[in-house]
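The structure displayed is predicted, hence computed values, not measured ones. Scope of the values below: all heavy atoms of this structure, side chains included, with no hydrogens, waters or symmetry mates.
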Amino acid sequence: MTARLSLHDAPAVAIPGEPLELHPDRYFDAEPSVRRVARLLYDETRALPLVSPHGHVDPRLLAEDAPFPEPTALLVTPDHYLLRMLYSRGVPLEALGIAPRAGAAADGPPAAADPRAVWRLFAAHWHLFRGTPSRAWLEYELHELFGVRVRPSAATADRVYDQVAERLRSPEFRPRALFERFGLEVLATTDAAGDDLRHHRALRASGWAGGRRVVPTFRPDALFRIAAPGWGGALAGLEASTGRPLPDHAAFVGALAERRAYFRALGATATDHAVLDPYTAALPADVVEAIFGRARRGEATADDQRAFEAHMLVEMARMSTEDGLVMQIHPGAFRDHNPRVAERFGPDRGGDVPVATEYTRNLRALLDAHGSDPRLTLVLFTLDESTYARELAPLAGHYPALRLGPPWWFHDSIEGMRRFRERVTETAGIYNTTGFVDDTRAFCSIPARHDLARRVDANWLAGLVARHVVDLGEAREMARALAVELAREAYKLGGGGAAWRRGVSS
């Protein structure tokens with residue numbers, strides 16, 4: 001296992017302006033007895049390896065190992081957290097360098113072409129991110145990774161930009177060098193079912209020691225959305241990847257099993273499924289074939305798609321009992337809520353909004369079929385906090401197959417993580433969760449996200465110690481479990497097993 005190297009030796013450069021300081025006790029309780037234990041627990045987990053078994057980093061980044069682009073392209077324009085906040089305060093996306101998609105109406109200003117101008121605009125709005133996880137992550141990146149010691153602002157923007165740009169030009173800031181510096185034990189990407197995984201193959205053939213620690217994740221969502229405009233293209237891609245036509249549902253299922261085996265051969269341990277509702281249903285074979293036939297003819301309806309997705313989730317669970325891939329479900333995101341933004345700029349531009357989600361009835365068919373099968377691991381995520389204590393914790397506290405993923409997206413924050421631990425643990429414990437999973441596409445933010453989670457968990461555990469709910473020895477074991485061991489176990493990465501179900505450090 002790779003031990004994580006410290007990021008705290010980043011050389012600092014003095015720039016006049018308000019200082020950027022990271023207090024050593026940040027996010028810890030003000031009560032001295034709690035803070036003291038939180039420090040101890042954090043100090044014991046801060047340098048543990050980073051386990052990142054679910055994320056969206058482009059594998060091409062590490063396969064090519066090219067220098068990162070300038071600071072704006074790295075830190076601002078790809079970050080939908082930043083974009084949505086700036087847009088909400090009236091900053092046009094074009095001014096942030098976001099170009100309209102091909103075919104969009106030419107009724108707006110052109111996208112800003114100067115990355116330095118975009119950085120200045122971002123820095124001038126730094127105050128908008130006070131109290132948000134975006135600021136916590138960015139402050140960590142700027143301070144610990146790039147050695148910046150002054151807050152971004154209109155006055156300091158150019159000098160901060162120049163310092164970060166200078167760092168990015170050095171060999172120590174190439175992607176593979178940072179992968180090792182971060183202490184990444186494993187990094188999973190997310191890849192379409194028909195992807196040829198050329199970058200993963202290149203990583204394995206590269207001779208770089210970390211190449212086998214970058215693994216794909218099988219995501220077949222586009223193939224299940226049979227009423228969507230792009231479904232025909234997705235099916236054609238699957239046919240191309242398997243080298244044969246797929247005239248019926250039976251052939252379609254066989255092709256998916258084949259692709260899963262291909263992903264596993266390149267190190268995959270999981271699948272991923274994003275749905276609006278986690279609705280599952282086991283349909284008769286003739287019904288599914290009829291739906292698939294309508295899809296092939298371009299006649300599938302929204303109701304057909306809902307039924308087909310529900311059936312395929314059960315089918316994916318069945319396959320996981322056979323091939324061992326961990327199944328992840330990410331429900332509850334209403335995609336592209338702002339149609340004007342989606343039509344002009346495309347998806348992932350900050351217009352997605354959480355919706356209320358029901359699990360108990362929706363997951364019944366899947367859990368009836370496979371919830372007690374020891375061969376299945378099903379990881380559930382949610383954007384609906386109201387379900388934590390009412391549904392998710394009781395389900396995970398009963399079904400052997402279930403694990404709860406951590407808060408993500410809108411709740412991947414200091415208070416969001418705390419609320420999750422408080423509402424889930426009394427019913428499900430921590431050993432029916434995955435610990436922390438960063439779920440990010442922003443490569444340079446991975447250490448920042450893990451550091452924040454380890455601080456929040458250390459503080460929560462310290463509160464349990466102060467109230468004599470657990471003793472210090474138990475809290476130390478729990479802190480390590482939440483930091484690394486539960487993710488290793490849930491995603492079948494080693495270092496866990498039955499000992500962790502008993503709460504015993506391995």
Side-chain angles (χ1 to χ4, degrees), residues 4 6-8 10 18-48 50-52 79 81-82 85 126-145 148-149 151-152 182-183 385 388 405-425 430 433-440 442 444-467 469-470 472 475-476 478-484 486-487:
R4 185 159 68 91
S6 173
L7 301 180
H8 297 271
E18 291 187 41
L20 175 58
E21 299 175 342
L22 299 185
H23 196 284
D25 288 338
R26 62 190 182 279
Y27 319 132
F28 295 161
D29 201 285
E31 208 286 318
S33 65
V34 175
R35 189 170 63 242
R36 183 170 57 253
V37 176
R39 283 186 199 135
L40 184 152
L41 297 175
Y42 170 70
D43 284 343
E44 291 185 353
T45 58
R46 63 184 299 180
L48 291 174
L50 305 186
V51 179
S52 186
D79 193 327
Y81 290 93
L82 302 184
M85 177 66 81
W126 178 255
H127 63 282
L128 296 181
F129 301 98
R130 291 169 178 162
T132 69
S134 294
R135 171 157 162 169
W137 300 329
L138 281 168
E139 285 187 331
Y140 185 99
E141 289 178 71
L142 292 173
H143 190 279
E144 302 293 274
L145 188 57
V148 173
R149 296 295 183 266
R151 288 181 186 171
F182 292 166
E385 292 187 306
Y388 287 166
W408 64 295
W409 207 340
F410 296 94
H411 309 302
D412 185 8
S413 62
I414 300 163
E415 298 303 325
M417 293 177 194
R418 178 187 57 77
R419 289 192 296 268
F420 177 79
R421 296 280 175 242
E422 290 176 346
R423 297 176 189 178
V424 163
T425 302
I430 70 164
T433 75
T434 66
F436 181 66
V437 177
D438 56 71
D439 192 16
T440 184
C444 287
S445 78
I446 292 174
R449 292 165 187 259
H450 283 262
D451 185 78
L452 177 62
R454 290 174 185 186
R455 287 178 176 276
V456 172
D457 283 336
N459 195 68
W460 171 70
L461 289 167
L464 297 185
V465 173
R467 298 193 302 277
V469 177
V470 300
L472 180 58
R476 294 169 77 175
M478 294 168 74
R480 183 180 177 89
L482 290 168
V484 292
L486 291 172

Task: Selection residues 405-415 - residue pairs positive for salt bridge (Lys or Arg N to Asp or Glu O under 4.0 Å), sequence neighbours left out - done: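 Salt bridge (Lys or Arg N to Asp or Glu O under 4.0 Å) check on residues 405-415 returns D412-R449, E415-R418.
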With a 4.5 Å limit on heavy-atom distance, are the side chains of [X] and [Y] in contact?
X    : Y    : result
R454 : V484 : yes
L82  : L138 : yes
E422 : Y388 : no
P447 : L145 : no
W408 : V437 : no

Which residues pass the side chain to side chain contact (heavy atoms under 4.5 Å, CB included) test with [X], not counting sequence neighbours?
X   : value
R39 : D25, F28, R35
L20 : E139, L142, H143, V148, R151
L40 : E44, L472, R476
D29 : E31, V34, N459

Taking all non-hydrogen atoms of both residues, which atom of [X] and which atom of [Y] are closest, and how far apart?
X    : Y    : value
L41  : A458 : CD1-O, 3.6 Å
L461 : M478 : CD2-CE, 3.6 Å
V51  : A487 : CG1-CB, 3.9 Å
G416 : P407 : O-CG, 3.7 Å
P133 : S413 : CG-CB, 3.8 Å
L482 : L486 : CD2-CD1, 3.9 Å

As an exercise, state the distance from [atom1] of [X] to [atom2] of [Y], rounded to the nearest 0.5 Å.
X    : Y    : atom1 : atom2 : answer
H411 : E385 : NE2   : CD    : 4.0 Å
E144 : D451 : CD    : CG    : 7.5 Å
F436 : D457 : CZ    : CG    : 9.0 Å

Open item on the list: Would R455 pass as a cation-pi partner of Y42, given that its NZ or CZ must be under 6.0 Å from the six-membered ring centre and within 45 degrees of the axis?
Closed with: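 Yes, cation above the ring, under 6.0 Å and within 45°.
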Task: side chain to side chain donor-acceptor pair (under 3.5 Å) against T433, all qualifying residues, sequence neighbours excluded - done: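 T433 satisfies side chain to side chain donor-acceptor pair (under 3.5 Å) with no residue once adjacent residues are dropped.
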Task: Under the side chain to side chain donor-acceptor pair (under 3.5 Å) test, residues paired with R36 that sit two or more places apart - done: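 Checked R36 against side chain to side chain donor-acceptor pair (under 3.5 Å); zero matches.
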Task: salt bridge (Lys or Arg N to Asp or Glu O under 4.0 Å) involving E141 - partner list, sequence neighbours excluded - done: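 In terms of salt bridge (Lys or Arg N to Asp or Glu O under 4.0 Å), with neighbours along the sequence ignored, E141 is linked to no residue.
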Task: Qualifying residues under salt bridge (Lys or Arg N to Asp or Glu O under 4.0 Å), relative to D438, sequence neighbours excluded - done: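 In terms of salt bridge (Lys or Arg N to Asp or Glu O under 4.0 Å), with neighbours along the sequence ignored, D438 is linked to no residue.
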Task: Partners passing ring-ring contact (aromatic ring centres under 6.0 Å, His included) against Y27 (at least two apart in sequence or in another chain) - done: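 Testing Y27 for ring-ring contact (aromatic ring centres under 6.0 Å, His included), a comparison that skips the adjacent residues, returns none.
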Open item on the list: Once ring-ring contact (aromatic ring centres under 6.0 Å, His included) is applied, do any residues pair with W137, and if so which ones, sequence neighbours excluded?
Closed with: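 Expected list: Y81.
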Task: Criterion side-chain contact (heavy atoms from CB on, under 4.5 Å) on Y140 and R26, from CA distance to verdict - done: CA-CA 11 Å; Y140 185 99; R26 62 190 182 279; 3.8 Å; yes
